[in-house]
Amino acid sequence: QVQLVESGGGLVQAGGSLRLSCAASGRTFSSYAMGWFRQAPGKEREFVAAINWSGANTYYTDSVKGRFTISRDNAKNTVYLQMNSLKPEDTAVYYCAAVSSYGLNDRASWYDYWGQGTQVTVSS
């Protein structure tokens, strides 16, 4: 069982930056693929970024490429999402997700564990 706790959300002006963190419990964090998803009001949950167990491979949805960076620190059991050049359309609840796998995937159904989410609001 893995528990995930997100932090770092908040209110920021367009063009600003935020760094989200996701702290995971358990001693096998380094064997988990991690992902970030988001859900805006009235919309379905969508994939944002994913990182494999070692951090060597990452994958992003097109709308955040060049602006967001996913990374992980296995010694700290933490995955990060650095978000730069934020836009109002990035406003959403951001969720961290985990699955015990050495692969990488953008489908929400692939992930077994989810955090409670953290709100990101970007004002224009």
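Values in this document were obtained by computation on a predicted structure and should not be read as measured data.
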Going hydrophobic residue to hydrophobic residue with side-chain gaps under 4.5 angstrom, can you get from Y111 over to Y94? no
Could you check whether atom NZ of K65 has more than 12 heavy atoms from other residues, nucleotides or ligands sitting under 6.0 Å from it? yes
Quick one: are Y32 and S101 in side-chain contact, heavy atoms under 4.5 Å? no
Among all residues two or more places apart in sequence or in another chain, which pass the side-chain contact (heavy atoms from CB on, under 4.5 Å) test with A108? F37, W114
E46 atom CD, over 12 foreign heavy atoms within 6.0 Å: yes
Ignoring hydrogens, what is the shortest heavy-atom contact between V5 and Q116? Give both atom names and the distance. CA-OE1, 3.8 Å
Less than 4.5 Å apart, any side-chain heavy atom of S71 and any of Q82? no
Rounded to the nearest 0.5 Å, how far does OG of S85 lie from CZ of F68? 9.0 Å
For the residue pair V120 and L18, establish whether any side-chain heavy-atom pair is separated by less than 4.5 Å. yes
Does D90 form a salt bridge (Lys or Arg N to Asp or Glu O under 4.0 Å) with K87? I'd like the steps, not just the answer. CA-CA 5 Å; D90 294 318; K87 304 175 181 179; over 6 Å; no
If only side-chain N and O atoms count, and only distance matters, is there a donor-acceptor pair under 3.5 Å linking Y80 with R19? no
Check for me, please, whether Y113 and V79 land in the same ILVMFWY cluster - side-chain distances under 4.5 Å, paths through other members count. yes
Given side chains that start at C-beta, do those of I51 and Y60 come closer than 4.5 Å, heavy atoms only? no
For S124 and A14, work out which heavy atoms get closest and say how close. CA-CB, 4.4 Å
Pair Q119-T91, side-chain contact (heavy atoms from CB on, under 4.5 Å): steps then yes or no: CA-CA 8 Å; Q119 177 71 47; T91 295; 4.1 Å; yes
State plainly whether one hydrophobic cluster holds both W110 and L4, where clusters connect Ile, Leu, Val, Met, Phe, Trp and Tyr through side-chain heavy atoms under 4.5 angstrom apart. no
Regarding R38 and the six-membered ring of Y95, is the cationic atom NZ or CZ under 6.0 Å from the ring centre and inside 45° of its axis? no
Test of understanding: clusters of I, L, V, M, F, W, Y form through side-chain heavy atoms closer than 4.5 Å, transitively. Do V99 and W53 belong to the same one? no
In sequence, state the C-alpha distance, the side-chain angles, and the governing distance for S17 and N84, and then conclude on side-chain hydrogen bond (donor to acceptor under 3.5 Å, both in side chains). CA-CA 4 Å; S17 298; N84 298 329; 2.9 Å; yes
May I ask you to test the T118-V93 pair for a side-chain heavy-atom distance under 4.5 Å? no
If you take all heavy atoms of E6 and G117, which pair is closest and at what distance? OE1-N, 2.9 Å
Is there a side-chain contact between L81 and T69 in this structure, where contact means two heavy atoms from C-beta onward sitting under 4.5 Å apart? no
Same cluster for I70 and F47 if Ile/Leu/Val/Met/Phe/Trp/Tyr side chains link at under 4.5 Å? no
Show the nearest heavy-atom pair for residues L104 and Y59, with the distance to one decimal. CD2-CB, 3.9 Å
CG of N77 to OG of S25: how many Å apart, nearest 0.5 Å? 8.0 Å
Donor-acceptor contact present, side-chain R72 to main-chain N52, <3.5 Å: yes
